Amino acid sequence: MPSMTMIQALNSALDTMMSRDPNVLTFGEDVGYFGGVFRVTEHLQEKYGAKRCFDAPINETGIAGAAIGMAVYGLRPVIEIQFADYMYPAYDQLVSEAARIRYRSAADYTVPLTVRMPYGGGIYGGQTHSQSPEALFTHVAGLKTVIPSTPYDAKGLLISAIEDDDPVIFLEPKRVYNGPFDGRRDRPVQPWSKHAASEVPDGYYKIPLGKANIVRAGADCTVLAYGTMVHVALAAAEDAGIDAEVIDLRTLVPLDIETIVQSVAKTGRCVIVHEATRTSGFGAELSALVQEHCFYKLEAPIQRVTGFDTPYPHALEWDYFPTPPRIIKAMRRVMEG
Amino acid sequence: MPSMTMIQALNSALDTMMSRDPNVLTFGEDVGYFGGVFRVTEHLQEKYGAKRCFDAPINETGIAGAAIGMAVYGLRPVIEIQFADYMYPAYDQLVSEAARIRYRSAADYTVPLTVRMPYGGGIYGGQTHSQSPEALFTHVAGLKTVIPSTPYDAKGLLISAIEDDDPVIFLEPKRVYNGPFDGRRDRPVQPWSKHAASEVPDGYYKIPLGKANIVRAGADCTVLAYGTMVHVALAAAEDAGIDAEVIDLRTLVPLDIETIVQSVAKTGRCVIVHEATRTSGFGAELSALVQEHCFYKLEAPIQRVTGFDTPYPHALEWDYFPTPPRIIKAMRRVMEG
Amino acid sequence: MSSRKPNALEMHVPAPRARPGDKPDFSGWSLPEPGATPRPDVDASAGEMRDYAYGLVRVLDMEGNALGPWAPHLPPENLRRGLKTMLLTRAFDERMHRAQRQGKTSFYMQCFGEEAVSVAQAMALHPDDMCFPSYRQQGVLITRDYPLIDMMHQIYSNAKDPMKGRQLPVMYSSKKDGFFSVSGNLATQVPQAVGWALASAYSGDVRIASTWLGEGSTAEGDFHAGMTFASVYRAPVLINVVNNQWAISSFQGIAGGENTTFAARAVGYGIPPLRVDGNDFLAVYAVTQWAAERARSNLGPTLIEHFTYRAGPHSTSDDPARYRPADEARAWPLGDPVERLKQHLITLGEWSEEQHRTAQEAAVETVRTAGREAEKVGVLGVEGAHTRGSMFEDVYSEMPWHLKQQRDELGA
Amino acid sequence: MSSRKPNALEMHVPAPRARPGDKPDFSGWSLPEPGATPRPDVDASAGEMRDYAYGLVRVLDMEGNALGPWAPHLPPENLRRGLKTMLLTRAFDERMHRAQRQGKTSFYMQCFGEEAVSVAQAMALHPDDMCFPSYRQQGVLITRDYPLIDMMHQIYSNAKDPMKGRQLPVMYSSKKDGFFSVSGNLATQVPQAVGWALASAYSGDVRIASTWLGEGSTAEGDFHAGMTFASVYRAPVLINVVNNQWAISSFQGIAGGENTTFAARAVGYGIPPLRVDGNDFLAVYAVTQWAAERARSNLGPTLIEHFTYRAGPHSTSDDPARYRPADEARAWPLGDPVERLKQHLITLGEWSEEQHRTAQEAAVETVRTAGREAEKVGVLGVEGAHTRGSMFEDVYSEMPWHLKQQRDELGA
Ligand SMILES: Cc1ncc(C[n+]2csc(CCOP(=O)(O)OP(=O)(O)O)c2C)c(N)n1
Ligand SMILES: Cc1ncc(C[n+]2csc(CCOP(=O)(O)OP(=O)(O)O)c2C)c(N)n1
Ligand SMILES: [Mg+2]
Ligand SMILES: [Mg+2]
């Protein structure tokens with residue numbers, strides 16, 4: 001099986017789907033000839049022609065709006081928003097339109113649209129290249145929100161997203177595009193090739209939306225994470241020597257509540273990790289759900305380790321980023337609690 | 001002291017501030033000659049001229065963007081977004097710009113902007129005239145989010161918002177614009193004139209941002225609410241005969257955590273009520289905070305009574321709206337828990 | 001603000017010529033003569049067509065004669081069909097407006113005075129061309145023979161509402177009639193229409209798209225998005241700006257109509273503009289034909305400004321007497337689309353006052369019959385029209401656990 | 001997709017004339033002669049000015065002569081100042097681009113080849129006119145004598161960074177110099193500039209505003225918002241579209257430049273357009289003067305398209321060799337703004353090769369001195385440049401409890 005980076009796996013997912021289904025096409029800023037600023041669409045224009053993989057005007061409203069029209073026609077467009085930070089101009093089309101067209105038309109029209117966007121910090125990108133806006137999508141009925149953490153998952157989830165009949169927000173953790181960065185800046189970042197989840201089949205396969213993945217079984221406490229933070233949480237568990245059960249959510253909406261509840265019922269302790277600002281972040285929803293479902297099992301207050309309620313600062317980003325030491329502190333707190 | 005509806009109180013706040021401060025001006029769609037579709041800016045153009053109260057093109061990006069430029073110049077613009085449902089096109093300007101200009105310029109530039117918008121359902125407005133998007137603002141560092149529940153508070157809070165040196169999102173519960181509707185559709189809606197909080201001074205006064213209001217003291221459980229839901233929660237407490245302590249949050253960010261924690265520490269039980277969709281609603285943040293601060297005091301799982309995770313349906317809105325019976329059910333659950 | 005500097009700047013806020021109490025004043029508009037505007041070839045370049053942004057395609061004069069190169073020379077049956085469809089649309093509007101006043105529903109929006117904009121265009125398009133309307137294009141649905149009763153079911157949110165009670169009245173949707181689900185958010189349909197048209201081109205299909213928005217809505221960013229995408233990829237789409245001169249209480253100067261026309265927006269994108277008398281059925285028909293043929297020939301989009309006047313209130317929530325002269329509609333020099341087409345047919349000898357009266361009564365009767373039937377099914381607020389559980393359906397293709405849980409919580 | 005219908009629609013995707021490996025090809029552009037374009041009165045109506053959208057204001061010919069009615073007749077000192085400022089800007093860019101390559105910072109963006117667009121305009125504006133730049137207007141700050149070393153502190157996010165390490169390099173801000181905080185989000189500054197200009201007019205002030213955005217960014221809805229508001233309220237603002245023909249890897253056809261010019265956008269809003277050779281210092285100066293005078297006279301906004309070429313990569317993250325011919329910049333028929341102004345001064349007898357060399361060296365030396373000083377203060381990544389606690393400041397005017405708590409949590 002070939003070893004792929006997450007970029008290559010995403011590219012392979014698009015390639016697989018474009019070759020299987022003539023209704024799949026992809027566009028976005030710099031997506032065509034150049035292959036995307038992160039190279040996710042590399043060679044697709046060459047292979048499938050400019051009508052199936054092309055550059056878009058710098059207008060995220062238009063990218064989303066046109067894609068909705070295409071999806072309504074019956075195509076399965078995959079659009080790239082160059083950075084999640086630039087999705088705001090598309091937000092109305094995604095929230096007021098894509099998310100609601102099935103409902104408001106009583107399923108007369110549907111929007112099988114996939115919206116790819118790189119998110120997250122740790123790349124010295126400053127406040128407009130580092131944001132994690134997942135909670136702005138999880139609040140919106142009608143949207144699904146997916147975040148992979150490995151090349152294998154990225155391909156399988158992206159294929160599921162493309163085949164899904166509803167609009168899917170597909171957030172890509174750009175910090176782990178090229179290697180499973182785990183937040184330990186004192187150690188060299190491993191390439192994906194050394195990671196088991198970089199083994200990615202060439203062909204078609206799916207990972208179902210709505211199913212979490214227990215990436216580390218453990219008995220002491222449950223850690224809920226997604227995207228880059230899965231790797232950071234694993235590193236924290238390892239460094240802390242705490243027998244944490246680390247769950248990679250993979251899909252935020254619809255959430256795999258069962259896997260979460262089973263784990264917390266077992267451990268009685270829960271740490272939630274994300275990079276987004278804390279207040280009203282997705283961690284708040286997770287915390288609320290865990291206490292609703294596991295109140296009588298909880299032995300300690302649920303801990304949130306998150307980005308702070310500030311814009312993402314350029315030079316201080318390693319203080320902003322939830323690093324293993326911060327997660328370990330929270331694990332210790334939850335163990336003591 | 002005159003008795004005012006919430007509309008009149010808001011109008012009076014604007015009038016008060018426009019007469020005190022020549023830097024205060026207001027604009028928005030239909031805000032000028034007509035005085036706003038809800039009449040909040042009535043007579044202001046007549047009184048202060050078309051340059052201080054005027055109609056805007058139907059472009060919420062432009063309304064917010066131009067207002068930001070004005071605020072940066074040194075004015076204190078108050079803009080109206082005709083319905084909160086139409087704020088999405090302004091979202092980028094509010095989130096990426098207004099919220100961050102102070103931070104990114106290290107306080108070189110500031111944005112003393114107030115963004116008024118009617119929100120909430122119960123008016124047969126369907127999905128594009130009923131939304132409660134507060135959580136989309138509370139997640140954003142740099143914004144303050146305020147929601148009044150009475151005419152007295154509306155005026156005092158709006159004046160504070162206008163004088164605040166940061167951008168303030170001011171959400172107006174349109175269901176109680178003209179009377180303190182409490183969700184009991186079987187009884188006639190009282191006019192504001194019968195409510196103590198409709199006594200509104202003509203002149204200048206402020207209610208500080210960040211301070212909640214205990215609108216009903218009680219010992220059995222704490223109910224956290226804001227806007228229209230304050231009245232509904234009060235009705236529920238009355239109907240249920242449960243000695244609930246009802247807290248009107250008034251400001252969501254910055255939140256009056258002390259008042260909340262004190263109350264829950266006392267009651268050990270907490271019900272959270274809002275009209276917005278549940279998942280990632282502001283109730284999630286409240287739930288997370290309450291369990292973080294009061295874990296060892298909690299006697300039962302925190303309950304959320306919210307709008308459902310669907311668009312706001314036109315004909316079924318009274319099933320969607322969190323009515324007293326639904327709140328009572330949650331109160332009972334939390335008491336039994 | 002008191003001690004002004006020399007050379008001080010001044011702010012300009014546009015104001016209409018007449019407010020309540022004033023005499024209506026349309027003297028600011030120059031209106032070219034009927035028949036005077038040449039008809040370019042459909043493959044004219046956008047550059048050659050710039051001046052059309054400042055003219056006005058007119059066919060019918062006020063005496064009912066069809067003049068000039070744009071006259072579409074339709075067979076009289078078609079004209080009669082157009083007239084009857086406009087009459088039906090008007091009768092429908094009247095009844096539903098009244099129904100709202102009677103408390104049978106929450107809200108209604110007429111297209112009074114603007115019937116030609118939808119009806120003539122829908123007749124000129126192919127029946128399977130795709131329409132992305134605003135909330136004022138009920139004429140398209142009616143032209144396409146969508147059952148009036150189903151429109152009423154929607155407006156009443158009753159048990160037979162095809163939208164299952166979920167949508168505000170008039171937010172119709174009918175895929176089989178090529179009528180896209182109407183949105184409450186202005187102008188969002190414009191880039192969607194462009195995307196649909198591109199998908200059609202992508203697929204080697206023959207169907208084109210058409211979209212409508214108000215002149216006020218052209219201010220929205222979505223209009224710019226749609227125009228940009230349409231221009232760049234030469235989408236086979238008609239973008240119709242219905243300039244009815246008002247956006248709720250704001251006159252068209254607030255949308256940018258003080259310094260230029262709305263058709264002129266097209267010039268900026270290299271898209272051909274056509275500006276048409278929107279109350280002239282034949283002119284609307286003719287420019288639609290032109291633009292549709294252009295689109296079908298892979299020559300790309302056309303922007304059409306329909307110059308008309310919103311003769312009614314914005315919606316049932318609105319009272320125009322508060323912001324414009326009460327008799328402004330009557331003073332509008334381009335008259336009423338129904339009257340003008342009627343006059344044309346009479347002038348042709350293909351219609352009479354008598355026939356008109358009969359047709360009008362027939363329209364009213366058709367609407368009345370449908371209305372009675374619809375009301376039997378139910379009006380807004382009747383309990384049990386929709387199961388509470390139905391609220392949780394169609395949010396997703398399959399209902400996820402959290403919606404099931406919420407449905408159970410509601411006891412539905 | 002295989003069996004196409006007769007009359008099947010086809011999708012069009014614009015492509016540039018030349019890609020890597022091809023010969024650069026600018027034959028598609030018609031370039032009017034220097035001096036040939038008339039200069040209208042500043043109170044010309046927008047309607048009279050439409051054709052300027054399709055022309056090109058040029059003053060300097062390729063031999064260094066200033067021709068025609070737009071020639072601004074600047075005193076030689078001013079020309080020399082302009083030239084030196086452009087040289088300084090270029091030297092600054094070169095060093096900072098290199099500094100990024102050396103790992104001293106995360107990111108840099110040059111304005112190579114586009115220096116005149118900012119420098120000439122900043123010289124033509126009053127020093128207290130307010131600028132809302134994009135990320136490529138470092139020339140404005142340099143013209144206004146903002147200390148180079150402070151720009152470097154910002155780029156290095158070091159302890160003296162006026163933005164306290166919070167912003168990506170080049171996202172400067174200086175209120176005292178009338179330079180608005182640069183945003184990473186494209187085009188957001190356009191409606192803000194319009195709003196600022198309106199506030200100035202509202203206040204009876206005399207200061208006008210100017211804003212810049214790339215041709216690619218004109219596609220954003222914020223551009224439309226800005227244009228609409230500027231037109232409706234006649235804001236005293238200059239809206240500069242810098243058409244450097246590329247938006248990262250996308251040629252200007254993807255932004256809508258295939259069917260028309262970017263200046264033409266103005267026509268749609270009833271705003272006067274001016275299209276100018278952006279590599280011609282004198283022409284940029286002259287059109288700025290014209291538009292500024294117009295704005296100061298309460299005649300409203302002007303849109304200026306600066307036709308230029310992005311001679312460098314988009315940013316340090318970019319490699320243009322992947323998407324355009326390597327020698328395209330050299331083939332650009334309108335040359336280089338520094339070379340052309342130099343040639344003009346030499347032609348005037350006010351400059352020499354020798355003086356130029358000296359000036360160039362002086363610029364490099366000035367930059368080098370500032371650079372060394374700045375690097376002593378620190379480069380990106382030096383620990384302790386900013387206290388961790390400073391991250392929580394300036395989110396609000398006063399720090400709320402939750403930020404204090406988070407600061408404590410971080411142990412800051
Ligand atoms: C995004 C958005 N902003 C505001 C509104 C509120 N609104 C509804 S209709 C309307 C006026 C539209 O005027 P115009 O586009 O001229 O269309 P007309 O009603 O005249 O047909 C406004 C402001 C809305 N529906 N959506
Ligand atoms: C809203 C938004 N979308 C996308 C981007 C990513 N982006 C940064 S620069 C750029 C190209 C801009 O091109 P242009 O406007 O022509 O300016 P130039 O770089 O040529 O000066 C893009 C797409 C962004 N910064 N903001
Ligand atoms: Mg209108
Ligand atoms: Mg460019």
Side-chain angles (χ1 to χ4, degrees), chain A residues 22-23 25 27 51-52 54-75 77 89-90 92-93 95-113 141-144 164-167 209-210 251 253-258 289, chain C residues 130 132 161-168 171-176 180-185 187-203 205 207 209 220-222 224-233 235 237 390 393-403 405:
Chain A
N23 286 331
L25 79 173
F27 60 103
K51 290 170 197 185
R52 297 194 62 195
F54 54 90
D55 291 334
I58 306 176
N59 181 316
E60 293 78 8
T61 307
I63 293 172
I68 290 169
M70 290 173 175
V72 160
Y73 178 92
L75 306 184
D92 189 40
Q93 283 285 347
V95 171
S96 305
E97 299 292 319
R100 299 212 206 113
I101 285 171
R102 175 187 291 276
Y103 192 77
R104 77 182 198 217
S105 72
D108 199 21
Y109 293 102
T110 60
V111 183
L113 163 67
L143 297 180
K144 296 178 179 170
D164 198 277
D165 286 333
D166 291 313
L209 306 189
T251 304
V253 174
L255 188 67
D256 184 353
I257 188 76
E258 258 174 68
L289 285 173
Chain C
M130 180 72 186
F132 287 80
D161 172 6
M163 264 92 260
K164 301 189 179 169
R166 293 184 192 140
Q167 273 282 47
L168 202 66
M171 305 281 158
Y172 315 106
S173 172
S174 180
K175 188 169 183 177
K176 79 171 172 27
F180 188 63
S181 160
V182 180
S183 178
N185 296 59
T188 47
Q189 72 276 18
V190 182
Q192 293 166 4
V194 173
W196 193 98
L198 290 175
S200 186
Y202 171 90
S203 306
D205 197 342
R207 294 174 294 163
E220 288 287 9
D222 291 68
H224 178 62
M227 292 295 282
T228 302
F229 277 67
S231 164
V232 168
Y233 305 115
V237 65
S390 74
E393 287 160 16
D394 298 328
V395 180
Y396 297 97
S397 52
E398 282 172 42
M399 198 182 296
W401 70 269
H402 62 286
L403 281 174
Q405 183 198 297

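In what follows, every heavy atom counts, from backbone to side chain, and hydrogens, waters and symmetry copies are set aside. All values reported here derive from a predicted model rather than from experimental measurement. Proteins come first, then strands; the chains are lettered A, B, ... in the order of their sequence lines, and each starts at number 1.
- With a threshold of 4.5 angstrom between heavy atoms, C:Val182 approaches chain A through N, CA, C or O but not through any side-chain atom.
- Among all heavy-atom pairs drawn from A:Arg104 and C:Met163, the shortest one is O-CG, 2.9 Å.
- The minimum heavy-atom distance between C:Tyr202 and A:Lys51, with the atom names listed, is CE1-O, 3.2 Å.
- Distance check: A:Ile58 CD1 to C:Thr228 OG1 gives 11.0 Å after rounding to the nearest 0.5 Å.
- The aromatic ring centroids of A:Phe54 and C:Tyr233 lie less than 6.0 Å from each other.
- With sequence neighbours excluded, no residue forms a side-chain hydrogen bond (donor to acceptor under 3.5 Å, both in side chains) with A:Thr251.
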Check your understanding: What's the verdict on side chain to side chain donor-acceptor pair (under 3.5 Å) for A:Gln93 and C:Gln192, showing C-alpha distance, side-chain angles and the deciding distance?
Key -> CA-CA 9 Å; A:Gln93 283 285 347; C:Gln192 293 166 4; 2.9 Å; yes
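- In this structure, chain A has no heavy atom under 4.5 Å from any part of C:Glu220.
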Check your understanding: Does the side chain to side chain donor-acceptor pair (under 3.5 Å) test come out yes or no for A:Asp165 and C:Tyr396, once each step is laid out?
Key -> CA-CA 8 Å; A:Asp165 286 333; C:Tyr396 297 97; over 6 Å; no
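- Across every non-hydrogen atom of C:Pro191 and A:Gly62, the tightest pair is CB-CA, 4.4 Å.
- Checked by atom type and distance alone, the side chain of A:Asp166 pairs as donor or acceptor with a backbone atom of C:Ser397 at under 3.5 Å.
- Note that OG1 of C:Thr188 and CD1 of A:Ile101 are 8.0 Å apart. Values are rounded to the nearest 0.5 Å.
- Atom CH2 of C:Trp401 sits about 10.0 Å away from atom CD of A:Glu258, to the nearest 0.5 Å.
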Check your understanding: Where do C:Phe229 and A:Ile63 land on the side chain to side chain contact (heavy atoms under 4.5 Å, CB included) test, with the steps shown first?
Key -> CA-CA 8 Å; C:Phe229 277 67; A:Ile63 293 172; 3.7 Å; yes
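- Of all the listed residues (A:Gly74, A:Pro77, A:Ser96, A:Ala64), the one sharing the greatest number of non-hydrogen pairs under 4.5 Å with chain C is A:Ser96.
- The side-chain heavy atoms of C:Val395 and A:Arg102, taken from C-beta on, include no pair separated by under 4.5 Å.
- Of all heavy-atom pairs between C:Lys175 and A:Asp108, the closest is N-OD2, 2.8 Å.
- Ranked by non-hydrogen atom pairs under 4.5 Å with chain C, the options A:Thr110, A:Asn59, A:Leu289 are led by A:Asn59.
- Only the side chain of C:Val232 comes within less than 4.5 Å of a heavy atom of chain A; its backbone N, CA, C and O stay farther away.
- Geometrically, C:Arg166 engages A:Tyr103 in a cation-pi contact, judged by NZ or CZ lying under 6.0 Å from the ring centre and within 45° of the ring axis.
- For chain C, the option among A:Thr61, A:Ile68, A:Ile257 with the highest count of heavy-atom pairs below 4.5 Å is A:Ile257.
- When the candidates A:Asp92, A:Asp164, A:Asn23 are compared by the number of heavy-atom contacts under 4.5 Å with chain C, A:Asp92 comes out ahead.
- Closest heavy-atom contact between A:Tyr73 and C:Ser200: CE1-CA, 3.6 Å.
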